[in-house]
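Please read the structure below before turning to the comments.
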Amino acid sequence: MDKKTTKVFGIFGDPVGHSLSPVIHNAAFQSLHLPYYYVPFEISKERLKEAVLAMTPLGIAGINVTIPHKETIIPFLDRLSDEAKKIGAVNTVERFNNELIGHNTDGPGFLKSLEEADIDLSGLRVILLGAGGAARGVAVSLLNANIAELCLVARSIEKRKMLKNDLCALFPNPKISEYPFDKNDFEPVPTLLINATSLGMKPDDPLPYRKERIDPVWAVADLVYRPVKTPFLTAAEKAGAKIVPGVGMLLHQAARSFEIFTKHKAPLETMKKALLTALNIP
Ligand code: NAP
């Protein structure tokens with residue numbers, strides 16, 4: 001890749017001001033002396049199509065996609081990676097040979113954070129709380145990684161049934177089941193319990209699962225990354241479980257996007273330092 005060509009990357013979302021992606025990607029560009037810039041673009045639902053169509057004439061080289069556009073952007077792209085097709089959502093758009101290609105790095109980023117925490121997925125039961133976009137991405141990656149069983153627990157009956165049906169069509173094995181959100185009495189067999197709801201972002205949110213029902217042999221992951229150690233993770237740690245904070249997924253999904261955008265190996269330590277500084281973690 002020509003190191004001298006200035007390129008613009010960015011993130012499309014609404015709201016987008018809270019996104020840490022500009023900080024992470026700009027730190028990575030600087031550390032590799034790439035003349036690239038990463039900009040937040042606040043794009044309303046109504047203007048998404050116009051914004052995507054403008055990427056090519058403006059020469060925007062790639063974008064990340066966040067709430068509320070991860071699914072609605074798909075019709076405006078030329079094609080999707082296999083992962084994004086299965087998930088039905090996109091968080092990274094690469095412009096390559098004037099084609100817009102949608103990828104999803106959320107699930108692979110989550111798996112990488114589990115690997116760093118030494119969690120062996122083979123033969124494990126997974127309880128996944130939530131049935132939104134992030135839950136979908138995580139579920140597809142987990143099923144690709146040979147877990148033994150997936151239990152979907154979510155508030156909206158319609159969404160959890162739809163997620164179950166979509167996953168069963170893609171993965172006839174293993175067993176996939178769905179339960180209402182107040183199901184808190186799973187057997188204490190080795191389990192990975194994942195919070196993929198937005199509960200935990202606000203200080204007065206209830207815990208997404210009863211802390212008394214968290215078994216010490218379980219591992220508990222939270223996709224919420226602000227605060228870094230959520231009340232749910234604090235409760236799980238107290239119960240003796242191994243915990244996996246969402247900041248690891250955030251870092252690794254960004255690293256994968258960076259590699260798709262630039263074809264350079266992501267400077268992971270630089271990106272991690274920028275992320276932790278932005279989150280005020282010494
Ligand atoms: P989303 O599509 O809006 O889904 C949110 C999910 O949370 C839905 O299943 C929703 O249920 C559920 N929920 C919200 N409030 C609830 C409540 N009071 N009780 C029960 N369920 C509730 O959002 P998303 O994109 O999947 O994101 C989910 C979380 O993951 C967010 O906190 C986001 O910041 C985080 N995330 C983290 C990363 C990372 O890199 N660490 C990446 C992506 C997302 P209903 O459908 O019933 O409303």
Side-chain angles (χ1 to χ4, degrees), residues 11-21 23-25 45 64-73 84 87-92 103-114 116-117 127-142 151-164 166-167 178-184 193-210 220-233 243-258 271-272 275-276 278-279 281:
I11 179 161
F12 286 1
D14 187 15
V16 81
H18 68 286
S19 172
L20 297 172
S21 296
V23 169
I24 307 174
H25 284 277
K45 284 182 186 170
N64 286 120
V65 185
T66 187
I67 290 174
H69 305 313
K70 284 187 179 183
E71 291 160 44
T72 48
I73 198 168
I87 294 167
V90 159
N91 79 334
T92 304
H103 301 263
N104 196 310
T105 67
D106 280 338
F110 179 67
L111 288 195
K112 187 75 191 161
S113 74
L114 295 181
E116 278 188 345
I127 302 173
L128 182 58
L129 309 175
R136 226 163 228 279
V138 161
V140 166
S141 289
L142 287 166
C151 307
L152 303 168
V153 178
R155 181 169 68 169
S156 150
I157 303 174
E158 199 189 334
K159 275 197 194 168
R160 66 172 196 257
K161 287 202 184 296
M162 198 195 296
L163 180 56
K164 184 191 164 195
D166 291 350
L167 293 173
E178 46 93 9
Y179 304 92
F181 199 63
D182 60 2
K183 164 117 178 124
N184 273 207
L193 172 65
I194 304 165
N195 176 35
T197 75
S198 37
L199 286 175
M201 297 177 84
K202 291 188 243 117
D204 52 352
D205 276 345
L207 297 186
Y209 193 84
R210 263 179 59 202
V220 177
D222 203 332
L223 266 52
V224 173
Y225 55 84
R226 225 191 300 233
V228 172
K229 200 191 269 187
T230 57
F232 183 46
L233 289 180
I243 61 165
V244 186
V247 71
M249 172 177 174
L250 184 64
L251 172 68
H252 290 293
Q253 62 77 27
R256 280 174 183 259
S257 291
F258 180 92
M271 296 173 92
K272 187 173 179 181
L275 173 57
L276 295 182
L279 288 168
I281 300 168

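Values in this document were obtained by computation on a predicted structure and should not be read as measured data. Numbers here are sequence positions counted from 1. Counting starts at 1 for both ligands and their atoms, following the listed order.
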Checklist entry - Do you see a protein non-hydrogen atom under 4.0 Å from atom 33 (C) of ligand 1? => result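 Within 4.0 Å: no protein heavy atom nearby.
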
Next on the checklist: Below 4.0 angstrom, counting only protein heavy atoms, does anything approach atom 18 (N) of ligand 1?
Outcome noted: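 Yes; the ligand atom in question has protein heavy-atom contact below 4.0 Å.
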
Find all atoms of ligand 1 within a distance of less than 4.0 Å from any non-hydrogen atom belonging to [X], and give their numbers and elements.
X    : result
K159 : 46 (O)
A131 : 9 (O)
G133 : 2 (O), 26 (O)
V224 : 32 (O)
S198 : 7 (O), 14 (C), 15 (N), 32 (O)
G130 : 9 (O)
S156 : 47 (O)

Measure the shortest side-chain to side-chain distance between [X] and [Y] over non-hydrogen atoms and say whether it is less than 4.5 angstrom.
X    : Y    : value
I281 : V247 : no
M249 : L223 : yes
L275 : Y225 : no
V220 : F232 : yes
H25  : I11  : no
V153 : F181 : yes
K183 : I127 : no
Y209 : N195 : no

Do any nitrogen or oxygen atoms of [X] lie less than 3.5 angstrom from nitrogen or oxygen atoms of ligand 1?
X    : result
G246 : yes
L223 : yes
M201 : no
L250 : yes

Tell me, which protein residue and heavy-atom name are nearest [atom], and how many Å apart are they?
atom                    : result
atom 28 (C) of ligand 1 : A196 O, 3.5 Å
atom 27 (O) of ligand 1 : A134 CB, 3.8 Å
atom 42 (C) of ligand 1 : M249 CE, 3.6 Å
atom 29 (C) of ligand 1 : T197 O, 3.5 Å
atom 3 (O) of ligand 1  : I67 CD1, 4.7 Å
atom 15 (N) of ligand 1 : R155 NH2, 3.6 Å
atom 8 (C) of ligand 1  : G132 N, 4.0 Å

Checklist entry - A154: heavy atom below 4.0 Å from ligand 1, yes or no? => result no

Item to check | Test log, rule side chain to side chain contact (heavy atoms under 4.5 Å, CB included), inputs L142 and L111 | outcome: CA-CA 7 Å; L142 287 166; L111 288 195; 3.9 Å; yes

Next on the checklist: By the salt bridge (Lys or Arg N to Asp or Glu O under 4.0 Å) test, which pairs, at least two apart or in different chains, include something from residues 249-258?
Outcome noted: none

Next on the checklist: Does only the side chain of L199 get under 4.0 Å from ligand 1, or the backbone, or both, or neither? Count heavy atoms.
Outcome noted: side chain

Next on the checklist: Under 4.0 Å, heavy-atom basis, I'd like to know which part of F181 is in contact with ligand 1: side chain, backbone, both or neither.
Outcome noted: side chain

Checklist entry - Taking K70 as the fixed residue, which of N104, D106, N91 is the one that meets the side chain to side chain donor-acceptor pair (under 3.5 Å) rule? => result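 Output: one option passes, namely D106.
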
Checklist entry - Is it true that the side chains of N64 and S257 contain a donor and an acceptor less than 3.5 Å apart? => result yes

Checklist entry - How long is the gap from CG on L279 to CG on L250, to the nearest 0.5 Å? => result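 Interatomic distance, L279 CG to L250 CG, rounded to 0.5 Å: 7.5 Å.
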
Item to check | salt_bridge(R160, E178) N-O dist < 4.0 Å | outcome: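 Judged by the 4.0 Å cut-off on N to carboxylate O distance, R160 and E178 do form a salt bridge.
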
